[in-house]
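The structure under discussion appears below in the form of structure tokens.
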Amino acid sequence: MLTLGSVRIPNPAVMGILNVTPDSFSDGGRFDTVDLALRQAEIMAAECAAIIDVGGESTRPGADAVEIAEELDRVVPVIEALRDTSDLPISVDTSKAGVMRAAVAAGASMINDVLALQEPGALAAAAELEVAVCLMHMQGRPGTMQQNPKYDDVVRDVAEFLGERVRACIDAGIPRDRICIDPGFGFGKSHAHNVELLANLRQLRGLELPILVGVSRKSTLGKICGRDIDERMPASIAAAVIAVLNGAAIIRAHDVRETVDALKIASAVIGANL
Ligand code: YH5
């Protein structure tokens, strides 16, 4: 078991992705109404997702920023409906303090922030709300981050950044036992950087915090396998298993059922090795 604030989940656990973005890269707006979002969440719950991650701002490379009112409109009704129909912990994928506050009021118990609480008011909001947080690394910003990512040593640079953000959280009053960290696959990283991070994920264990990994359907997998986005499930499963064998505790995934099965195998092997 893993405890992050009030969020108690198995280790490893699958975080199911619930996109409520009409322009979403892979779901193409199919789940852009509350009803469809709820149906998708129900499926993921039945498939043993441990958390549902609700996101209303697409952070795919080159995506447009979303106004706060629009993001609130997308995310809040879905979180309220989920809270009323399911016991699963709900995480909100946002960088905006206002969305964090509204989402937690609506029933979210975790903030998943690809900007690691660097936006104005985000650290204070997360501290006051007393929920779990995921701090993710990104180089640059979504519009331009894939143009020319550069690192001295990607694993060391990511670990250093995450260590600094953990320090900022603790200084702002967010206790360590509510924090998890994420190297941010695909966020300002070349394909080689992503592979190096996955191969050396263990080095992030030096920060002594649970590691969350999001590799599901991402372009590095497509590049390696020569697959379009809708054909990346097997590659995503392979990457998820490697991540767990290298110390990841939470896997953020679209294909919950397949990922849960794969992590059971990884888990059994890790257990047999103790
Ligand atoms: C993540 O890694 N990712 S949104 C592009 C794709 C496929 C998937 C081109 N939110 C993460 O899922 N939160 C996102 O193919 C995240 N970690 C955390 N904590 C991007 C995404 C995706 C982008």
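Order of listing sets the numbers, starting from 1, for every ligand and every atom in it.
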**Fill in**
Under 4.0 Å between heavy atoms, the region of Ile17 that gets near ligand 1 turns out to be neither
**Request:** For the pair Tyr151 and His193, name the ring-plane relationship: parallel under 30°, tilted 30 to 60°, perpendicular over 60°.
**Result:** perpendicular
**Request:** Pull out every atom of ligand 1 sitting under 4.0 Å from any heavy atom of Gly214, numbered as shown with elements.
**Result:** 2 (O)
**Prompt:** Is a side-chain N or O of Gln139 found less than 3.5 angstrom from the main chain of Met145, in a donor-acceptor match?
**Reply:** no
**Request:** Ignoring hydrogens and angles, state whether a donor on the side chain of Ser95 or Asp113 is under 3.5 Å from an acceptor on the partner side chain.
**Result:** yes
**Item:** Verdict with reasoning, Glu57 to Thr21, per side chain to side chain donor-acceptor pair (under 3.5 Å)
**Value:** CA-CA 6 Å; Glu57 177 177 46; Thr21 53; over 6 Å; no
**Request:** Give the atoms of ligand 1, by number and element, whose distance to some non-hydrogen atom of Ser216 is under 4.0 Å.
**Result:** 7 (C), 8 (C)
**Request:** Ignoring angles and geometry beyond distance, decide whether Lys218 reaches within less than 3.5 Å of ligand 1 through its nitrogen or oxygen atoms.
**Result:** yes
**Request:** Give the single entry among Asp182, Ile181, Asp53 that approaches atom 18 (C) of ligand 1 most closely by any heavy atom.
**Result:** Asp182
**Request:** Between Leu212 and ligand 1, find which residue part has any heavy-atom pair under 4.0 Å and reply side chain, backbone, both or neither.
**Result:** side chain
**Request:** Give the atoms of ligand 1, by number and element, whose distance to some non-hydrogen atom of Asn112 is under 4.0 Å.
**Result:** 13 (N), 18 (C), 19 (N)
**Message:** Starting from Leu2 and following side-chain heavy-atom contacts under 4.5 Å between hydrophobic residues (I, L, V, M, F, W, Y), which residues can be reached?
**Reply:** Leu4, Val7, Ile9, Met15, Ile51, Met110, Leu212, Ile250
**Asked** Is there a donor-acceptor pair closer than 3.5 Å between any side-chain N or O of Asp153 and the backbone N or O of Arg156?
**Response** yes
**Request:** Using a strict 4.0 Å cut-off to heavy atoms of Arg217, name the atoms of ligand 1 that fall inside it.
**Result:** 6 (C), 7 (C), 15 (O)
**Prompt:** Which residues pass the side chain to side chain contact (heavy atoms under 4.5 Å, CB included) test with Asp73, sequence neighbours left out?
**Reply:** none
**Asked** Heavy atom under 4.0 Å from ligand 1: found in Met136's side chain, backbone, both, or neither?
**Response** side chain
